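Let me begin by presenting the structure, written as structure tokens, before commenting on it.
Chain naming here is simple, since letters A, B, ... match the order of the sequence lines and numbering starts at 1 in each. Values in this document were obtained by computation on a predicted structure and should not be read as measured data.
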Amino acid sequence: MNIKVKFFADLRNRFGKESACRLPEGSTIADLFKQVELPEELTRIVLVNGKSIEGNMNYGLCDKDTVSIFPPVGGG
Amino acid sequence: MSSSYTNRLLRVNLSDGSIKIEKINQDWQNKFIGGRGLATKYLVAETDPKIDALSKENKLIFVTGPLTGTPAPTGARYMIVTKSPLTGAVACSNSGGYFGSELKFAGYDMIIFEGAAEKPVYLSIYNDEVALKDASEVWGKGVWETEELLKSAEGDSEAKVAAIGPAGENKVLFSCIVNEKHRAAGRSGVGAVMGSKKLKAVVVRGTKGIGVNNPTQFFEDINRSKEILKDSPVTGKALPAYGTAVLVNVMNEYGGLPAYNFRKAQFENAEKVSGETLADTRLVANKACFACTIACGRVTKLPDEASEQYIVSTSSRNWKNAGEGPEYENTWAMAPLCGVDDIDALIKANWLCNDLGMDPISYGATLACAMELYDTGAIDEKTAGMNLAFGNAEALVKMAYATGYREGFGDYLAEGAYRLSKRFGHPEFFMGVKKQEFPAYDPRSVQGIGLAYATNNRGADHLRGYTIASEIMGIPEKTDPAATEGKAALTKLFQDATGVVDSSGLCVFSTFAIGLPEIVPMINSATGSNYSVDDALKIGERIWNMEHLYNLEAGISGSEDTLPKRILEGKIPEGPTKGMVNRLSEMLPEYYKLRGWDSSATPTEAKLKELDL
């Protein structure tokens with residue numbers, strides 16, 4: 001399946017702004033991280049189509065999902 | 001006993017010109033720590049909550065906390081406490097920079113201004129030499145030029161200046177007080193109170209330094225906090241690199257970035273005005289306030305061609321093409337909320353707000369409300385004086401100027417979105433609480449922040465109960481933004497804890513890494529007090545209730561603890577949070593119960609006794 005991955009803040013220095021990934025059916029966020037070689041500890045907020053996975057690395061992905069990945073951030 | 005308190009306040013009567021030094025009430029200091037809590041206690045004790053905020057009966061209090069001016073990380077904050085002309089509620093606006101620490105170095109914890117001057121004046125402080133001086137030369141001038149002229153008049157380039165601009169002089173209801181040109185006590189119209197007193201500025205220079213009670217322990221305590229702040233990926237990395245505007249993309253991807261006056265919860269061009277784009281294209285350097293290890297401030301520069309666009313007929317000094325900001329809130333209010341995606345117009349409008357002395361959140365939100373009035377035909381180009389279509393970057397810049405000077409349609413904008421929307425027959429277009437405009441998080445997408453907005457003592461605002469930290473960022477623990485369960489307790493905890501942070505003189509951004517277990521020991525070793533974390537939280541609760549009681553006496557009842565119909569019933573039309581509304585009724589009764597208030601938001605006798613109020 002095809003997954004669009006969007007990176008933000010300093011993750012862009014290493015992974016660029018956006019990337020298209022091909023993953024086998026039934027893949028999870030953990031599989032995606034493995035494929036793009038992204039260590040989980042660099043991230044804090046992961047959204048799939050805008051919905052927070054709430055730390056669930058076994059969150060199942062579907063074809064054409066958009067995954068937005070942020071490092072720990074704060075603001076006000 | 002050495003302490004980081006100076007234990008002195010300056011009382012300046014602008015009506016008769018008298019200046020007195022008084023000892024701070026020690027009982028009140030113990031009960032409220034300092035800063036926001038202590039100054040609010042003075043306001044409550046000395047004024048009637050029913051007064052007109054712009055009358056000479058109102059008082060304007062500049063106050064520091066016990067950690068202001070010490071080397072405690074982020075110990076830069078001072079606050080302005082007064083009655084707000086925008087909301088009619090208690091106002092406490094908080095600023096960083098170097099003014100607060102300088103006031104402490106001069107030997108004062110607080111200044112209370114009372115009465116009103118007949119002619120423009122400024123207060124000059126050089127340690128124990130304090131005088132009211134003629135400000136007619138700088139009346140009418142922008143904040144930036146005022147600062148330079150007054151430093152020159154005082155013959156001291158190291159003096160720190162907090163001033164109002166034309167917006168404060170013209171009593172724009174969301175005008176602010178600005179120090180070091182770009183740091184502002186921003187919300188609730190504290191600048192208009194200063195303008196009503198004909199007080200243009202406070203110029204302070206202090207050389208006395210500050211003691212602490214237990215230096216060995218104090219440096220152990222602050223070094224521990226500094227290590228935590230340095231090691232945190234938020235305060236040690238993300239905020240210095242991208243500033244607060246890193247949140248633009250976060251909130252937009254989630255579907256919680258209000259756009260087009262809250263008609264939508266996502267902005268299609270958010271990337272163009274994001275913290276990442278700012279860092280890549282317009283950022284020169286980051287910048288810190290006094291004693292801050294985070295340095296989230298943005299020094300920005302426009303390209304030459306952009307600095308020539310949207311010129312307005314103000315001082316040419318405004319248009320040197322370097323300045324500071326914008327931050328997340330300013331970015332949101334003046335760009336996505338107005339449908340504007342031109343980062344250079346945003347930067348210009350932000351600088352203009354700083355120079356005019358005007359809160360960019362309320363300005364942007366009020367302009368967005370006007371744009372909705374325009375879009376629906378409630379006002380036309382003739383009424384507005386120009387095309388106010390959503391997305392018009394030129395209107396963003398030009399209307400800022402018109403608002404600050406109350407020229408043409410700007411005179412209506414200067415009253416804020418609540419009054420503007422009512423004037424043109426559409427009160428439902430006002431997006432805020434207690435007459436103050438919302439900040440940058442959609443309360444339909446994030447439930448807890450909706451409760452925090454609805455119950456906030458200073459009207460819609462994010463800084464008195466920033467549940468976003470938990471609901472979006474996972475600090476200190478992640479909670480589900482779509483859930484209402486547990487949000488009453490979360491909101492109360494954040495509100496009470498923030499009262500302590502504000503009263504200490506630290507910046508609320510420190511709490512992305514440290515908490516009361518680190519902050520309370522710093523207060524103790526600096527002052528010689530012996531608070532526990534529980535004592536501090538009790539003080540935070542006391543402050544919250546004191547502010548709330550002030551509002552009740554001012555005539556602001558529990559019925560105003562609510563959200564606009566668009567937020568409670570108008571579903572988000574598209575995007576990842578499509579269909580969501582704020583479910584306030586699931587949280588508010590539990591919140592009142594946890595607060596020890598009855599269903600009309602009146603604190604019970606038992607609660608007042610418990611809090612010694």
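- A:Pro72 and B:Ala238 get closest at one heavy-atom pair: O-CB, 3.5 Å.
- Interface residue B:Ile472: backbone and side-chain heavy atoms are both found under 4.5 Å from chain A.
- Of the atoms belonging to A:Phe8, heavy atoms from both backbone and side chain fall under 4.5 Å from chain B.
- With hydrogens and angles disregarded, a donor-acceptor distance shorter than 3.5 Å links the side chain of B:Glu276 to the backbone of A:Ala9.
- The 12-atom threshold is not exceeded at NZ of B:Lys287, counting heavy atoms of other residues, nucleotides or ligands nearer than 6.0 Å.
- Shown here for A:Arg44 and B:Ile475, the closest heavy-atom pair between the two residues is NH1-CG1, 3.5 Å.
- For chain B, the nearby parts of A:Asp10 are the backbone and the side chain; heavy atoms of each come within less than 4.5 Å.
- When all heavy atoms of A:Gly74 and B:Met473 are compared, the pair lying nearest together is CA-SD, 3.7 Å.
- For B:Glu327, no part lies near chain A; criterion is any non-hydrogen pair under 4.5 Å.
- B:Glu271 has a carboxylate O that lies under 4.0 Å from a charged side-chain N of A:Arg12, or vice versa, which qualifies the two as a salt bridge.
- Formation of a donor-acceptor pair under 3.5 Å by the B:Tyr242 side chain with backbone atoms of A:Val73 is not found in this model.
- For the set A:Gly76, A:Gly50, A:Ser52, the count of heavy-atom pairs under 4.5 angstrom toward chain B peaks at A:Gly76.
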Are B:Val250 and A:Ile45 close enough, and set up right, to give a side-chain contact (heavy atoms from CB on, under 4.5 Å), and what steps lead you there?
CA-CA 8 Å; B:Val250 176; A:Ile45 301 168; 3.9 Å; yes
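- With chain A as partner, the option from B:Thr479, B:Leu463, B:Leu239, B:Asn249 having the largest number of non-hydrogen pairs under 4.5 angstrom is B:Asn249.
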Would A:Lys51 and B:Tyr254 count as a side-chain contact (heavy atoms from CB on, under 4.5 Å) here? Give the steps.
CA-CA 6 Å; A:Lys51 188 175 162 42; B:Tyr254 173 66; over 6 Å; no
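- The parts of B:Asp480 that come within reach of chain A are both its backbone and its side chain, each placing non-hydrogen atoms under 4.5 angstrom from that chain.
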